[in-house]
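We use all heavy atoms of the structure for the numbers below, so side chains are in, but hydrogens, waters and symmetry mates are not. Here the structure is a predicted model, which is why all the values come from computation and not from measurement. Heads up: numbering here begins at 1 and tracks the sequence.
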Amino acid sequence: MKVAGLFAGIGGLEVGLMASGHRAELFCEIWAPARAVLGARFPEVPCEADVRTLRALPRDVELLTAGFPCQDLSQAGMTAGIGGVRSGLVGQIFRLLDERRVPWVMLENVSFMLHLDGGKALATLVEAFEERGYRWAYRVVNSLSFLPQRRERVLFVATATDADPADVVLVDEAHPPVTKTALNTQAHGFYWTEGIRGLGWAPDAIPTLKNGSTIGIPSPPAILLPCGTVVTPDIRDAERLQGFDPDWTLPAARVGRATNRWTLVGNAVSTPVARWLGEKLKKPGVFEKLRDRLLEAGGRWPRAARYDGVTRKAVEISAFPVWRDRPPLAEFLRFPGKPLSARATRGFLARTERGALRFAPGFKDRLRAHLRGMEDVAPAENFALFAAE
């Protein structure tokens, strides 16, 4: 299919779709650092700056994609709902669809949108598609299916064709292997900025990469390595943990702060997730109707659902369409990480004493050992680490 990508970011959706045989015809992205990446990585694809001034989509576009802004819909954001200033831009999608009825639409957003404001955000989306004669299906998909990053996102597929979107997004299911946590053999990712509540920690993986603070301060996770060292990953490994090539976002540093690269990576779509979806668009499966469940009206939406043109149904299916082999996280990392400073480690440990997050036995003991080692670092060196964070 020929693809137009709105709110394209650094092209995670399109990288995956292109890897599965589809072709980008147009990007639309307003932020200069992201536009710099798109221009360097897709020099042949035109990029419009503002969706609000985009008059119409190219006539030959068959698939419209949109990783529309999630700040107002995310648990970490303002939670203003789909009518918020930023996430309200999703209305531009329907303006363009009213100008030209694109056969297929694929949206991506945070899973928190399923129950934000009593489910009104998603209700707004599905009602708008149904009013325009589209059938739809969606599913929460976890990037951990493909990469050592625990990252859940809603993939929403709608079509105005005779095809069934459930055959695209509600097929394939895998069951991740159950492995015991072993601090001596596995790396463990966690957010050192948390400790009381939040995304928690992940054995042999990192928790969801975030886009950092609203003023551009990066917020990479920390990783406890099997040797006991605690590091924050290099930006190039963060890119790889989203499925991009190392230094994919390097062009962004030419038009703004280098720390913007963390925001771009944190906002991106995991490319192998998009590739899986692109493969299903090319060769759909067959949805098993035995998965259908009653969709209760009002409140939180289920983690998967569909609309067949007549009725809405909840669907029972996991967030793991596949389970791809991957090296252990400690071996996945290619670039030297930066040791987590004494200040950051001390703050995290203090918060864990007041919080309810549970960790593997010995986890906090290893962090205390790391803290003692960092406190032995010369004061000047420690100061440099604080400043870098």
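Shortest non-hydrogen contact noted between Ala36 and Val255 is CB-CG2, 3.9 Å. Minimum interatomic distance between Leu13 and Gly67 (heavy atoms only, all atoms of both residues): CD1-N, 4.0 Å. When all heavy atoms are compared, the tightest approach of Phe7 to Ala66 is CD1-CB, 4.0 Å.
Relative ring orientation between Phe112 and His115 is described as perpendicular, the plane-to-plane angle rising above 60° on a 0-90° scale split at 30° and 60°.
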Assess the residue pair Leu340 and Val231 against the criterion (side-chain contact (heavy atoms from CB on, under 4.5 Å)); give the C-alpha distance rounded to whole Å, side-chain angles, the decisive distance to 0.1 Å, and a yes or no.
CA-CA 5 Å; Leu340 189 67; Val231 300; over 6 Å; no

Full working for side-chain contact (heavy atoms from CB on, under 4.5 Å) between Lys280 and Val171:
CA-CA 9 Å; Lys280 295 292 102 179; Val171 294; 3.7 Å; yes

side-chain contact (heavy atoms from CB on, under 4.5 Å) between Glu25 and Val3, intermediate numbers included:
CA-CA 6 Å; Glu25 296 288 324; Val3 182; over 6 Å; no

Starting from the C-alpha separation in whole Å, work towards a yes-or-no answer on side-chain hydrogen bond (donor to acceptor under 3.5 Å, both in side chains) for Thr181 and Gln186.
CA-CA 7 Å; Thr181 298; Gln186 294 178 339; 4.7 Å; no

Apply side-chain contact (heavy atoms from CB on, under 4.5 Å) to the pair Trp136 and Glu130, showing each step before the final yes or no.
CA-CA 8 Å; Trp136 54 263; Glu130 291 170 10; 2.8 Å; yes

Quick one: do Ser270 and Gln242 satisfy side-chain hydrogen bond (donor to acceptor under 3.5 Å, both in side chains)? Show the steps, please.
CA-CA 5 Å; Ser270 302; Gln242 286 281 55; 2.7 Å; yes

Salt bridge (Lys or Arg N to Asp or Glu O under 4.0 Å) assessment of Arg236 paired with Glu239:
CA-CA 5 Å; Arg236 292 167 291 183; Glu239 291 165 330; over 6 Å; no

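Distance check: Asn142 CG to Phe320 CZ gives 4.0 Å after rounding to the nearest 0.5 Å. Rounding to the nearest 0.5 angstrom, the gap separating the CG atom in Leu250 from the CG atom in Asp245 is 12.5 Å. Rounding to the nearest 0.5 Å gives a distance of 9.0 Å between SG of Cys28 and CD of Gln92. Separating the CD atom in Glu288 from the CG atom in Asp167 is a distance of 10.5 Å, to the nearest 0.5 Å. Here the CZ-CG distance, from Arg240 to Leu333, works out to 7.5 Å after rounding to the nearest 0.5 Å. How far CG of Leu57 is from CG of Leu96: 4.5 Å, rounded to the nearest 0.5 Å.
With Tyr134 as the fixed residue, the ring-ring contact (aromatic ring centres under 6.0 Å, His included) test singles out one of Phe94, Trp104, Phe129: Phe129. Just one of Lys283, Arg275, Lys282 meets the salt bridge (charged side-chain N to carboxylate O under 4.0 Å, His left out) condition when paired with Glu279; it is Arg275.
Within the 4.5 Å cutoff, the side chain of Ile317 has heavy atoms near those of the Arg139 side chain. Using a 4.5 Å heavy-atom cutoff, the side chains of Trp262 and Thr249 are not in contact. Counting heavy atoms from C-beta on, the side chains of Pro103 and Leu63 never come closer than 4.5 Å. Considering only heavy atoms from C-beta on, Thr232 stays 4.5 Å or farther from Ile223 through its side chain. Residues Val61 and Leu26 form no side-chain contact, since every pair of their non-hydrogen atoms from C-beta on lies 4.5 Å or further apart. Using a 4.5 Å heavy-atom cutoff, the side chains of Val126 and Trp301 are in contact. By the 4.5 Å heavy-atom criterion applied to side chains, Glu152 and Arg303 are counted as neighbours. Put simply, the side chain of Leu155 reaches to within 4.5 Å of the side chain of Val273, judged on heavy atoms.
Judged by distance alone, the side chain of Glu29 and the main-chain N or O of Gly9 form a donor-acceptor pair under 3.5 Å. In this structure a side-chain-to-backbone donor-acceptor pair under 3.5 Å is present from Trp192 to Pro220. A donor-acceptor pair under 3.5 Å links the side-chain atoms of Arg135 to the main chain of Asp162, judged by distance alone. One N or O on the side chain of Thr263 and one on the backbone of Asn211 form a donor-acceptor pair closer than 3.5 Å. Side chain of Thr229 to backbone of Leu225: no donor-acceptor contact under 3.5 angstrom is found. The backbone N or O of Thr193 sits nowhere less than 3.5 Å from a side-chain atom of Tyr191 that would complete a donor-acceptor pair. Of the possible polar contacts, one joining the Asp204 side chain to the Leu329 backbone as a donor-acceptor pair under 3.5 Å is found. Side-chain atoms of Thr208 come within 3.5 Å of backbone N or O of Arg150 as a donor-acceptor pair. Not a single donor-acceptor pair under 3.5 Å links the side chain of Arg366 to the backbone N or O of Gly362. The closest donor-acceptor contact from the side chain of His22 to the backbone of Met1 lies under 3.5 Å.
Residue Leu209 is not grouped with residue Phe335 when hydrophobic side chains (ILVMFWY) are merged at heavy-atom distances under 4.5 angstrom, including chains of intermediate members. When the side chains of ILVMFWY residues are joined at heavy-atom separations under 4.5 Å, either directly or via intervening members, Val141 and Val322 end up in a single hydrophobic cluster.
One finds no salt bridge joining Arg334 and Asp237 here, because no Lys/Arg side-chain nitrogen approaches an Asp/Glu carboxylate oxygen to under 4.0 Å. A salt bridge is defined here as a Lys NZ or Arg NE, NH1 or NH2 lying under 4.0 Å from an Asp or Glu carboxylate O, and Asp292 with Arg306 meets this definition. Salt-bridge check for Glu48 with Arg55: failed, with every basic side-chain N at 4.0 Å or more from each acidic carboxylate O. Salt-bridge check for Glu375 with Arg346: passed, with a basic side-chain N closer than 4.0 Å to an acidic carboxylate O. Taking 4.0 Å as the cut-off between side-chain N and carboxylate O, Asp60 and Arg100 do not count as a salt-bridged pair. Salt bridge present: Arg153 and Glu108 bring a charged side-chain N and a carboxylate O closer than 4.0 Å. With respect to the salt-bridge test (charged N to carboxylate O, under 4.0 angstrom), the residues Arg293 and Glu316 qualify.
With sequence neighbours left out, the ring-ring contact (aromatic ring centres under 6.0 Å, His included) criterion links Phe146 to no other residue.
More than 12 heavy atoms of other residues, nucleotides or ligands lie within 6.0 Å of CZ in Arg101, so this atom counts as buried by the packing criterion. Within a 6.0 Å sphere centred on NZ of Lys289, heavy atoms belonging to other residues, nucleotides or ligands number 12 at most.
Figure legend: Arg326 and Trp323 shown as a cation-pi pair, the cationic atom lying under 6.0 angstrom from the six-membered ring centre and within 45 degrees of its axis.
Taking the six-membered ring wherever Trp is involved, the centroid distance between the rings of Phe190 and Phe363 falls below 6.0 Å.
Grouping Ile, Leu, Val, Met, Phe, Trp and Tyr residues whose side-chain heavy atoms lie under 4.5 Å apart, directly or via other members, places Trp31 in a hydrophobic cluster with Ile10, Val15, Met18, Phe27, Val37, Leu38, Phe42, Val45, Phe244, Trp248, Leu264.
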Anything under 3.5 Å between a donor and an acceptor, one on a side chain of residues 352-359, the other on a protein residue two or more places apart or in another chain? List them.
residue, atom, partner, partner atom, Å
Thr352, OG1, Leu349, O, 2.6
Glu353, OE2, Arg368, NH2, 3.2

